[in-house]
Each structure stands twice: as structure tokens, then as C-alpha cells.
Amino acid sequence: MKDENCIFCKLANGDIPTNSIYEDDDFNVILDASPASKGHALILPKQHYANVYEIDDEVLAKAAKLAKKIIVHEKEMLGCDGYNIVQNNGEVAGQTVFHFHMHLIPRYKSDDNENVIEWKHKEFTDEQMKQICGQMKYND
């Protein structure tokens, strides 16, 4: 279902003009209007899902396959040296538009934007790591 108040729903469905590089029944892949690098694109589902917690598993799988297809093509066309695939969930994680989307960010050795993705590494004791592991243990 589309959300009539969502800017990314409007972009994904062609209600607002974009620089689209790929489109199918489920997705529109557009160039980011404020790119981190040449070729920075967004995979936008045409249906509204606020984040990864809400997206249908089948749609998520299609998005991952599409990401691979697009970055393989862009690497060949743009000659980039690497790629970041970024998907943020929640404001604290950097999500600013609450419509699931994936950033496909080509990386170039010559780029002046070396820290597109950066975090400070944390250190935990062995005991803390065991406790965290116990909390996170998942059995399907």
C-alpha cells in the first residue's frame, strides 16, 4: 500500500520526477539528489514500508538481489573501486525518511569523501562479549 504523505512513495511511483536508472513492478532505483559519490543511487520499493522491520521478506529478498544487479552494472559502467550498500533503520541509525530504502554508494580511490561510512570501534571484555552473545543467541 502506498502512503500518500510519503515523499519516497511519490518518487518511487513517478508522482515526482526523478533520475531513474531502473524500474520494475516492485521498485524504482533513482540517483540520490544529495549523493555521497558519483552514481549514488537509492532502491525504493513502490509500496510503503517504514523500515526493515515492516518490509515483507519476499520484497526484502528482491531488494537485495536488485542491489547486486545494480552495483555489478554500475561498477562496470562507472569504474568504481568498491561499493557500500547502506540501509538505515530508525532516527538514531541515521534514517531521515521513514520509507524503506537502500543506498548504493560507489566508492572511488580518488574520491575526497573517504568517510562515507564511519564509526568508533568499541571494546568489550570477554565476559561482556559472552553476556551479549547470550542475549543475542537466536534459534530458529
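All values reported here derive from a predicted model rather than from experimental measurement. All residue numbers refer to positions in the sequence shown, counting from 1. Because only heavy atoms are used, hydrogens play no part in the values below, and waters and symmetry mates are left out as well, while side chains stay in.
A distance-only check finds a donor-acceptor pair linking the side chain of E54 to the backbone of A50 [under 3.5 Å]. A donor-acceptor contact shorter than 3.5 Å is absent between the side chain of S37 and the backbone of R107. Between the side chain of N19 and the backbone N or O of L31, no donor-acceptor pair lies under 3.5 Å. Of the possible polar contacts, none joining the H48 side chain to the F8 backbone as a donor-acceptor pair under 3.5 Å is found. Side chain of D126 to backbone of M129: no donor-acceptor contact under 3.5 angstrom is found. With hydrogens and angles ignored, the 3.5 Å screen pairs a side-chain donor or acceptor of K46 with a backbone N or O of D24.
Nearest heavy atom pair, residue H99 against residue C6, reads ND1-SG, 3.4 Å. Nearest heavy atom pair, residue V29 against residue A41, reads CG1-CB, 4.0 Å. Of all non-hydrogen atoms in A36 and I105, the two that sit nearest each other are CB-CG2, 4.0 Å. Taking all atoms of both residues into account, the shortest heavy-atom contact from L60 to F100 is CD1-CZ, 3.7 Å. Taking both residues in full, the closest heavy atoms of N13 and C9 are given as ND2-O, 2.8 Å, listed atom of the first, atom of the second, then distance. Between L78 and G39, the shortest heavy-atom distance links the atoms CD1-CA, 3.8 Å.
The distance from the NZ atom of K130 to the OG1 atom of T125 is 9.5 Å, given to the nearest 0.5 Å. Rounded to the nearest 0.5 angstrom, L42 CG and N28 CG are separated by 10.0 Å. Considering CD of Q131 and CD of Q128, their distance stands at 7.5 Å, rounded to 0.5 Å. Separation of atoms CG (L44) and CG (D26) is listed at 12.5 Å; rounding is to 0.5 Å. Here the straight-line distance linking atom NZ of K69 with atom CG of L104 works out to 12.5 Å at 0.5 Å rounding. I43 CD1 to I70 CD1: the interatomic distance, rounded to the nearest 0.5 Å, is 6.5 Å.
In this structure, the ring pair (Phe, Tyr, Trp, His ring centres under 6.0 Å) partners of H103, at least two apart in sequence or on a different chain, are H40, H101. Considering only residues two or more places apart in sequence or on other chains, D56 meets the salt bridge (Lys or Arg N to Asp or Glu O under 4.0 Å) condition with none of them.
In K2, the NZ atom is not crowded: 12 or fewer heavy atoms of neighbouring residues, nucleotides or ligands sit closer than 6.0 Å. More than 12 heavy atoms of other residues, nucleotides or ligands lie within 6.0 Å of CD in Q135, so this atom counts as buried by the packing criterion.
I85 and Y49 fall within a single hydrophobic cluster, where Ile, Leu, Val, Met, Phe, Trp and Tyr are joined by side-chain heavy atoms under 4.5 Å apart, directly or via other members.
Annotation: side chain of Q47 is not in contact with side chain of V59 (no heavy-atom distance under 4.5 Å).
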For this session: Given side-chain contact (heavy atoms from CB on, under 4.5 Å), test L66 with Y22 step by step and report yes or no.
Result: CA-CA 10 Å; L66 179 56; Y22 176 87; 3.5 Å; yes

